[in-house]
Protein chains: 2
Amino acid sequence: MGAIPQGGSGEGSEVAGTLEEIARLSGVSRSTVSRVINNNARVSPTTRERVLEIIRREGYRPNLTARQLASGRANVLGVVIPLGSPDVLSDPYFSKLLHGIAVEADSHDQHVMLSLAEPSFRHRIDEVAGQGIIDGVIVSAAQEGDPFLVRLIEAGIAFISVGRVDDERVSYVDIDNVGSARQATGHLLRLGRRRVATIAGPLYATASIDRLRGYREALDQYGLQFDNDLVVAGDFTEAGGRAGMRRLLEHRPDGVFVASDRMAAGALNELRASGLQIPDDVALVGFDDIPLSREMEPPLTTVRQQIETLGAAAVNLLLDLIHDPTASASRVILPSELVVRASCGAHLNQERKAIDATT
Amino acid sequence: MGAIPQGGSGEGSEVAGTLEEIARLSGVSRSTVSRVINNNARVSPTTRERVLEIIRREGYRPNLTARQLASGRANVLGVVIPLGSPDVLSDPYFSKLLHGIAVEADSHDQHVMLSLAEPSFRHRIDEVAGQGIIDGVIVSAAQEGDPFLVRLIEAGIAFISVGRVDDERVSYVDIDNVGSARQATGHLLRLGRRRVATIAGPLYATASIDRLRGYREALDQYGLQFDNDLVVAGDFTEAGGRAGMRRLLEHRPDGVFVASDRMAAGALNELRASGLQIPDDVALVGFDDIPLSREMEPPLTTVRQQIETLGAAAVNLLLDLIHDPTASASRVILPSELVVRASCGAHLNQERKAIDATT
DNA sequence: AGTTACGGTGAGAGCGCTCCCATCATTCCA
DNA sequence: TGGAATGATGGGAGCGCTCTCACCGTAACT
């Protein structure tokens, strides 16, 4: 029937249809339908209602791909989770973070594309990020000087980090890891512990570094010497925490600041297996306040960070960045707090005080 | 300077460039470059080499969105994880499943888009699935008669389920949950336990239903009466397992088949808190074989399923389906095996046998 | 030498949207 | 009541790719 590009429209009983089709059915132009869909242009109420009716009737959904291509916006946010160890993802931290991200993204009509960033997969992300499929990236647990971040920066891709990154060009959300760790360690010291050790996170992560620094600062405040034997690095898993505690036990700590609750759970198991009493023999303070923490035996004293809020903040920051790429980098530091439960032995001291008082 | 559609190309120092640009630079047509990129057409080796060289030099990456729109294929697979409870995702099961999916997808040059399927979010997925962004969906832990599945089916969206779905139109990968549960429960019975209880999963999940059925079948085989008091349903979390065990303890079981290792961990804590010996007082068998299981005290006897393989199989099945949408639904049942460790008390019986033998 | 075959290549038409600009009624101001 | 502003709509180009088809040159056949 000639080269007339009319074509289409007759391709059988497709589920959705196209803009053009809706336009035809409602007797207006494609442009008008487009305006209705993106409901911010000026269309007369009558027309709008009529078009909406047809759209509803036909069950029409705009083709996101076409929209992306034409507008340059995808309404998809990428999230990159490191997958160094095969089951980092099972850390409730990420679970919560993702949840926070998903909820906030949803409220902004954004889709979330999650990438498990095995180092070997990262090529996928920047491929995708550079080329229209996603508008921006939230990177979690980035490492110092991570070449991946460098690529994102150089490619001019909008991204924000969950966790401090030392580069003036990058925006991030974080908590005050140094201060929180100082507080947590200080708490043990205040309770009279003097051989306070720490099970740090992997030392390539900025969060680990900061928490370790807070630990040192607390020792300093109490005029205590930093002792290398009282520091081990874990990998944020239970197994890592357990192994760390095993090594630590050779040096007889009476308190341990553990850089994540998941590791604290492992540490706790090791202590129990060694027949040690918590908090009597060894007091424990964790970090994160995951659901499990309150159910441990004894319940874990820990630093609570609002992980879901962190995720939500990341989404908002990223969206801002996408809307105004020229804006300078911004940082958001969310509050955290020490949640005192039983594992630190605070109640022991209270009892002791009570006894003192009665004496 | 008129309305000549040449345009483009001069838009500043973009990172990537376009097909057209590469074509110009290498002195061939857009078509040829396209062939080179999709490296399966017939292009002379000389030309191909030259074009590849330019592509490399310019750091060109094809725009995936445009490619999607033109080809109708996105090379993105969606994965839907239920998010009923806020931290299901932290179950190592999903962690492993995702890992298996990610690795396999990567090897097929597919991206993975993960959706946390809060019931309220599902609109996002079918929006996306219906409209070009993704080619197909892997649904995990679907529920019987889930309206979401119905929508996917009716919309003609390619999808496969990880876990049995009773609908002849849907393809799935699964393990033999009934058989495995029968074997696990039978194992406890064979070891002489007679009050064998079970902590089932949430009963809307087919896996839970099947495992419960296997439990019943095992009782039948041993001529034991099914006792409703010995059955509780958990939610696949530690807390759920723990709560389940607490209720179960009122009815004095001497063995428990727990439908997931994560719940088994919770159950184990409860038993310990009650001062009961494992396996002496109560023997335990779990399901999944997550990393934690071998580190429990005592190590957990459990059903090992190759979760990552399950994920990989799902990817392959889905890709098949995408390539040939007319193919009839297929099912893949992967093997599973009982891993005997200490929590079931098998070694006790062996010792007993050994003693018998010496007597 | 005439035909067929085919490997290698280019041109054009879309994919389904958005966005800019043109058009045409209205309505407002002096 | 004439000219400008304003509101509502339509038309066209184009986002960057893929895909079909046409084309040309050379090798292989009769």
Side-chain angles (χ1 to χ4, degrees), chain A residues 1-9 11 14-24 26-51 55 58 60-75 127 130-133, chain B residues 2-11 14-24 26-51 55 58 60-75 130-133 135:
Chain A
M1 291 247 159
I4 300 165
Q6 294 284 46
S9 86
E11 216 105 46
E14 273 297 282
V15 195
T18 75
L19 243 200
E20 198 88 41
E21 228 168 297
I22 300 298
R24 195 167 41 74
S26 36
V28 297
S29 75
R30 203 184 30 191
S31 309
T32 301
V33 179
S34 174
R35 289 191 187 97
V36 171
I37 291 175
N38 299 292
N39 68 351
N40 46 8
R42 46 245 177 107
V43 179
S44 74
T46 343
T47 313
R48 155 161 293 130
E49 216 25 77
R50 181 155 38 94
V51 172
I55 288 179
E58 300 290 310
Y60 167 75
R61 299 286 187 80
N63 180 310
L64 297 184
T65 303
R67 188 182 266 200
Q68 272 174 232
L69 185 56
S71 70
R73 284 277 328 257
N75 294 322
E127 191 176 284
Q131 296 305 341
I133 277 196
Chain B
I4 299 164
Q6 294 283 46
S9 86
E11 215 106 45
E14 273 297 283
V15 194
T18 74
L19 242 200
E20 198 87 41
E21 227 168 299
I22 300 297
R24 196 167 41 74
S26 37
V28 296
S29 75
R30 204 183 32 197
S31 312
T32 302
V33 180
S34 175
R35 289 190 187 99
V36 170
I37 291 174
N38 298 293
N39 66 354
N40 45 6
R42 47 251 176 105
V43 178
S44 75
T46 342
T47 312
R48 155 161 289 131
E49 216 25 76
R50 181 154 39 96
V51 172
I55 287 178
E58 300 290 309
Y60 168 75
R61 298 287 185 81
N63 180 311
L64 298 184
T65 302
R67 188 182 269 201
Q68 273 176 231
L69 184 57
S71 69
R73 285 275 329 256
N75 294 321
Q131 294 304 340
I133 277 195
D135 299 319

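What you see below is based on every heavy atom in this structure, not just the backbone, and it leaves out hydrogens, waters and symmetry mates. Note on naming: letters A, B, ... go to the chains in the order of the sequence lines (proteins, then strands), and numbering restarts at 1 for each one.
Between B:P45 and B:L69, the residue anchored closer to the 5' end of DNA chain C is B:P45, taking for each the nucleotide with the nearest heavy atom.
Taking only side-chain nitrogens and oxygens, A:R42 never comes nearer than 4.0 Å to OP1 or OP2 of D:dA8. The side chain of B:S29 contributes an N or O atom lying less than 4.0 Å from OP1 or OP2 of C:dG10. Proximity of A:T47 to the phosphate of D:dT9: a side-chain N or O atom is located under 4.0 Å from OP1 or OP2. Distances shorter than 4.0 Å separate none of the side-chain N or O atoms of B:T32 from OP1 or OP2 on C:dG8.
Protein atom CD1 of A:I55 is 10 Å distant from nucleotide atom P of C:dC17, rounded to whole Å. The CD1-P distance, from A:I133 to D:dC17, rounds to 13 Å in whole Å. The nearest whole Å value for the distance from the CD atom in B:E20 to the P atom in C:dG12 is 12 Å. C:dC15 atom P lies 18 Å from atom CD of A:Q68, rounded to whole Å. Here the P atom of nucleotide C:dC17 and the CZ atom of A:R61 are 13 Å apart, to the nearest Å.
Here the CD-OG distance, from A:E49 to A:S26, works out to 12.0 Å after rounding to the nearest 0.5 Å. Rounding to the nearest 0.5 Å places CZ of B:R67 at 5.0 Å from CG of B:N38. Here B:E20 contributes atom CD and B:S29 contributes atom OG; the two are 9.0 Å apart, rounded to the nearest 0.5 Å.
In the helix from C:dA1-D:dT30 to C:dA30-D:dT1, the rotation axis of the first five pairs and that of the last five pairs differ in direction by 40°, rounded to 10 degrees.
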Kindly give the atom pairs (protein nitrogen or oxygen, nucleotide nitrogen or oxygen) under 3.5 Å for nucleotides 18-20 of chain C.
from   : atom 1 : to    : atom 2 : distance (Å)
C:dT18 : OP1    : A:N38 : OD1    : 3.3
C:dT18 : OP1    : A:N38 : ND2    : 3.1
C:dT18 : OP1    : A:R67 : NE     : 3.1
C:dT18 : OP2    : A:S34 : OG     : 2.6

Exercise for review: Applying side-chain contact (heavy atoms from CB on, under 4.5 Å), run through B:L64 and B:N75 and close with a yes or a no.
Suggested key: CA-CA 9 Å; B:L64 298 184; B:N75 294 321; over 6 Å; no
Practice item. Take A:I37 and A:L19 through the side-chain contact (heavy atoms from CB on, under 4.5 Å) test and state the conclusion after the steps. Key: CA-CA 10 Å; A:I37 291 175; A:L19 243 200; 3.7 Å; yes
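The heavy-atom pair separating B:D135 from B:G72 by the smallest distance is OD1-O, 4.1 Å. The shortest non-hydrogen separation linking B:I133 to A:Q68 is CD1-OE1, 3.3 Å. Between B:R48 and B:N39, the shortest heavy-atom distance links the atoms NH2-CA, 3.8 Å.
Exactly one residue among B:I22, B:T47, B:T18 makes a side-chain contact (heavy atoms from CB on, under 4.5 Å) with B:V33. That residue is B:I22.
Among the nucleotides D:dC17, C:dC15, D:dT9, the one closest to any side-chain atom of B:Y60 is D:dC17.
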